[in-house]
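A quick write-up on the structure given underneath.
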Amino acid sequence: MAIARLTDAERDAALDKLSGWTLRDDGLAITRSLKFSDFNEAFGFMTRVALHAEKADHHPEWFNVYNKVEITLTTHDAGGLSMRDVAMAEFIDSVV
């Protein structure tokens, strides 16, 4: 079963409910930058997200340097944002 890409209206409604997430310039992904107190805290956060991502079979694109984590969520199989990205963003918001 194909993963459905969100319509512009669905995407905008989802973004209104997500804290700290922004739409990437091309409209196909959402991004968020996080800053933690140190590397250990950033890595612990990434570990919690990684365990959830593996269970959800939906993995973020991310970049980490010391206490900073940059996250991009998109669904390649949908060619843009899907409800999987919204669910992952909601989970990430719950563990920040």
Side-chain angles (χ1 to χ4, degrees):
M1 183 165 142
I3 299 170
R5 181 172 159 178
L6 296 178
T7 65
D8 290 351
E10 291 169 331
R11 178 198 66 205
D12 294 344
L15 271 173
D16 286 342
K17 296 177 184 175
L18 296 172
S19 177
W21 293 90
T22 58
L23 188 62
R24 196 170 67 188
D25 288 344
D26 64 6
L28 300 177
I30 53 176
T31 63
R32 184 164 182 196
S33 299
L34 298 166
K35 186 174 182 180
F36 298 91
S37 62
D38 57 24
F39 177 74
N40 194 41
E41 188 178 326
F43 192 81
F45 160 78
M46 292 176 73
T47 301
R48 287 188 299 279
V49 173
L51 292 170
H52 177 79
E54 193 63 20
K55 289 178 188 173
D57 192 28
H58 191 60
H59 305 88
E61 297 174 17
W62 53 17
F63 180 76
N64 164 244
V65 174
Y66 183 58
N67 65 339
K68 296 176 185 161
V69 179
E70 305 285 334
I71 307 168
T72 300
L73 298 176
T74 191
T75 303
H76 299 285
D77 291 343
L81 288 170
S82 75
M83 286 307 298
R84 296 177 107 193
D85 302 303
V86 174
M88 183 61 69
E90 290 171 341
F91 175 79
I92 288 168
D93 288 348
S94 78
V95 297
V96 172

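What you see is a predicted model, and the numbers here were worked out from it, not measured in a lab. Side chains included, hydrogens not; waters and symmetry mates left out as well; all remaining heavy atoms used.
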Contacts table for residues 35-44: side-chain donor-acceptor under 3.5 angstrom, sequence neighbours left out:
| residue | atom | partner | partner atom | Å |
| --- | --- | --- | --- | --- |
| S37 | OG | E41 | OE1 | 2.5 |
| D38 | OD1 | N40 | N | 3.3 |
| D38 | OD1 | E41 | N | 2.8 |

What pairs of donor and acceptor atoms, side-chain ones from residues 27-34 against any protein atom, are under 3.5 angstrom apart with sequence neighbours left out?
| residue | atom | partner | partner atom | Å |
| --- | --- | --- | --- | --- |
| T31 | OG1 | T22 | OG1 | 3.0 |
| R32 | NH1 | S19 | O | 3.3 |
| R32 | NH1 | D93 | OD1 | 2.5 |
| S33 | OG | E70 | OE1 | 2.5 |
| S33 | OG | E70 | OE2 | 3.3 |

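There is no path of hydrophobic side-chain contacts, each under 4.5 Å, that joins W62 to V65. Put simply, V95 and V69 are part of the same group of oily side chains (I, L, V, M, F, W, Y) that touch within less than 4.5 Å, one to the next.
One distance of note links CG of D12 with CG of L23; it measures 7.5 Å at 0.5 Å rounding. Taken to the nearest 0.5 Å, the NE2 atom of H59 stands 11.5 Å off from the NE2 atom of H76. Taking CG of L18 as the start and CG of L73 as the end, the distance is 9.0 Å to the nearest 0.5 Å. Distance CG/L6 to CG/L15: 9.0 Å, rounded to 0.5 Å. Annotation: the span from D85 atom CG to R11 atom CZ amounts to 12.0 Å, rounded to 0.5 Å. Atom CD of E10 and atom CE of M83 lie 8.0 Å apart (nearest 0.5 Å).
A 6.0 Å sphere centred on CG of D25 holds no more than 12 heavy atoms belonging to other residues, nucleotides or ligands.
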- List the steps and the verdict of side chain to side chain contact (heavy atoms under 4.5 Å, CB included) for H52 and M88. CA-CA 9 Å; H52 177 79; M88 183 61 69; 3.8 Å; yes
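Taking all atoms of both residues into account, the shortest heavy-atom contact from M46 to N64 is SD-CB, 3.6 Å.
In this structure, the side chains of I71 and W21 come closer than 4.5 Å at one or more pairs of heavy atoms.
Applying the side chain to side chain contact (heavy atoms under 4.5 Å, CB included) criterion to R84, with sequence neighbours excluded, gives I3, D57, H58, T75, S82.
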